[in-house]
Asks: 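After the structure tokens below, expect a handful of questions from me.
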Amino acid sequence: MPIRRLSPTLVNKIAAGEVVERPASVVKELVENSLDAGATRIDVSLERGGMDLVRVADNGCGIPAEELELAIAPHATSKIATEEDLFCIRTLGFRGEALASIAAVSQLTLRSRVPEADHGAMIEVHGGQAGPVVPCACPVGTIVEVRNLFFNTPVRRKFLRSVQTELGHVTEALLRIALAMPQVHFTLRHGERVLLELPAGEDQLERIARCCGRDLAEALLYVENREGLMELTGYVSHPNYSRPNNRMQYFFLNGRYIRDRSLQHALAEAYRGLLTVGRFPAGFLFLRMPAELVDVNVHPTKLEVRFQDSGRVYSQVLSALRAKFLSTDMTARMQPTAADPTGLLDPHKAAQHRAQVVAWAKGKIAQWVAGAWAGAGADFGPAPWELDDVASNRPAAEQPSLASHNQGSRVGLSEAMSEFVGSTPSSSSVGGGEAQGGRSAGLALRVGSEAPGPSGGRQPPRAASEPGLPEAGGKAVSPAYRPTAVQMHNRYLVVETEEGLLIFDQHALHESILYEELRERASRGPLATQRLLTPEPVDLTPTEAALVLEHRLLLQQVGLLIEPFGGNTVLVLSCPNLGRQVRPAELVHAVVERLAQTGRAPNQEELVDELLHTLACRAAVKAGDPLTAEEIEALLARRQLAVQSHHCPHGRPTAILLTRQELDRQFRRA
């Protein structure tokens, strides 16, 4: 078979097969070109999911008329000139084959005008055959219309899916770009319907809310880290929010959306022990680093990149996320119900409401003080909750009373008072009220009344982020407030707190505490062991026996000393000292099961961590175990010393906070 040179048309069609997979690929390439041209507004219009028409219009710098023919030529670009430029890519597009590849499999019309020209220019390309450049009316910028995609390659066209499927791919492609460019205005139209309208100048969180939903945006935590030449910013979801897949994970490098398995693994590893099996976090992470430290020229669609030091990138992302989680209150809260008219059971909305109350109270208290000095009264005006009620136009019977806002409002008012009186009013000053004869005392009675404590006295308000019991890390319980706990159904511990009720899963809580303690001890060396008076033989299958004997040294690190005993039997000489009696055979079988689940040669650190999970789970109190009052108190006291006692190693929450507002709502007090 003779060797022959391929025709330019066939070469372009082959390139189109790599670059143009479906209408979404066309939108991606054209929008990236618009951004490289400095556009601040990009409008995308579609017909039949982009199969009949893709139109992208921008207000960028435009293309001079004399360069239009070159713009649709293969491998023609203004973004690189030398080989060295390939190792310092700062633009989204650079290969120079997008327009040529798209034009080879469609009917393309290109209109453009530069700012200094008084009219635009146009060129039409039909299946790779270009026509002449002619003048046309055109605003400054570029308009590209792609009609009848794959009209001359019917084999490719028949593999396109339904209109809705292709429209979904286009929407996702545009969102990936828009999330990284909040300074650019994007619109997406399908026929006569506007699907997306993303104004320019939004902050990153607002852009995420518009693209992915406000419920998700309100569950995100801000992450920021700068080390060396790499900067990481973005948002990740609170462990209380998870998804059944990883489709809501977006990674961006210097404004470019990328797919990278190591970054996905770092995100998953950061949530180890915070999410249950089969659940995935959401994340929007933006990395910035010098262009010389990354190679983006490894994939035709530029979705994959190669980092110069991928290990450093991985460790920086992982450490930044873990540091954020360690500094965040991870206590699970009862989810707000649809019947909550104010939405203040949501902690994020409660914080916003509280800030409004503080601002309102400061202004009104200052007005009152000025009036008191002048010997005149002061009109406090409507409070934030009253304004909300007026704005909502709800009937009076349906409007929430001040009681439904009592926690945030009371705390906010007390904070505002502290600006003027130096500290929150004490029980004596509040109790005295008008009897003290001062107008400030009367004001303290009205706005400084705190929640009564268990003994009838007044308690200072707690910050909204405190869950009632001492936080992980060792915050002490206030001497004036000593919560008591009771056991329910031999599995749950219920504790009264200043915010409501904190309900613990006794097994999950004990497991998380044991795991923290075991991990701390393992970091200092092999775990303390308890030598068995009589070594215990354990019968295994041939595969299980081989696994145990292969990892004998690793098991010794977690306190399991095992020797062969002949055949498929092993001999257990010592067990880790877990403070609770656990049968050696039970531990060995649990460890073997975990070793078999890995299905690969495990990383030593990961395997030790998995074994610690298993040991903690086996040694923890179980659901159904009755506990004495002393055991309950000791368990809650040990919780103070654990760093991550809010979730067990399997990702289940150890406690749920049922707020007093939720209880009031259930009993129709609000």
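Only heavy atoms go into these numbers, but all of them, side chains included; no hydrogens, no water, no symmetry mates. None of the values given here were measured: they were computed from a predicted structure.
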Asks: Side-chain contact test, heavy atoms from C-beta onward, threshold under 4.5 Å: evaluate it for L560 versus C575 and give yes or no.
Replies: yes
Asks: Compare every heavy atom of P653 with every heavy atom of A508, then report the nearest pair and how far apart it is.
Replies: CB-O, 4.2 Å
Asks: Kindly give the heavy-atom pair with the smallest separation between S327 and K324, and that separation in Å.
Replies: OG-O, 3.0 Å
Asks: Could you give the distance from OH (Y257) to CG (L179), rounded to the nearest 0.5 Å?
Replies: 10.0 Å
Asks: Could you grab the distance from atom CG of L285 to atom CG of N225, nearest 0.5 Å is fine?
Replies: 11.0 Å
Asks: Say you draw a straight line from CZ of R639 to CG of L509; how long is it, rounded to the nearest 0.5 Å?
Replies: 7.0 Å
Asks: If we count only N and O atoms by modelled type, under 3.5 Å, do the side chains of Q506 and D625 hold a donor and an acceptor together?
Replies: no
Asks: Should V317 and L267 count as side-chain neighbours, where that means a heavy-atom distance under 4.5 Å?
Replies: no
Asks: Check whether any side-chain heavy atom of E269 sits under 4.5 Å from a side-chain heavy atom of R322, and report yes or no.
Replies: yes
Asks: Taking the side chain as every heavy atom from C-beta outward, state whether E496 and V486 have any atom pair closer than 4.5 Å.
Replies: no
Asks: Roughly how far, to the nearest 0.5 Å, is the CE atom of M248 from the OG atom of S242?
Replies: 12.5 Å
Asks: Any heavy-atom pair between the side chains of M181 and F186 that's under 4.5 Å?
Replies: yes
Asks: Please examine the side chains of S319 and E227, heavy atoms only from C-beta on, and report whether any two atoms are closer than 4.5 Å.
Replies: yes
Asks: Within the side chain of Q487, is there an N or O that forms a donor-acceptor pair under 3.5 Å with the backbone of I632?
Replies: no
Asks: Okay, side chain of H510, backbone of V621: is any donor-acceptor separation there less than 3.5 Å?
Replies: yes
Asks: Determine whether L275 and F280 make a side-chain contact, defined as any pair of heavy atoms from C-beta on separated by less than 4.5 Å.
Replies: no
Asks: Determine yes or no for a side-chain-to-main-chain donor-acceptor pair under 3.5 angstrom, with N254 supplying the side chain and M289 the backbone.
Replies: yes
Asks: Are E206 and R214 close enough for a salt bridge, meaning some N to O gap below 4.0 Å?
Replies: yes
Asks: Ignoring hydrogens and geometry, is there a side-chain-to-backbone donor-acceptor pair from Q204 to G234 under 3.5 Å?
Replies: no
Asks: Let me confirm one number: the CZ-CZ distance from F252 to R176, rounded to the nearest 0.5 Å.
Replies: 9.0 Å
Asks: When the ring planes of F325 and Y271 are compared, do they come out parallel, tilted or perpendicular, using 30° and 60° as the limits?
Replies: perpendicular
Asks: Check L318 against A266 and note the closest heavy-atom contact, atom names and distance.
Replies: CD1-O, 3.6 Å
Asks: Return yes if some donor-acceptor pair links the side-chain N/O of E631 with the main-chain N/O of T628 below 3.5 Å, else return no.
Replies: yes
Asks: Do T497 and L657 make a side-chain contact, defined as non-hydrogen atoms from C-beta onward lying under 4.5 Å apart?
Replies: yes
Asks: Nearest 0.5 angstrom please: R491 CZ to I503 CD1, how far?
Replies: 13.5 Å
Asks: What do you reckon, is CZ of R312 surrounded by more than 12 foreign heavy atoms closer than 6.0 Å?
Replies: no
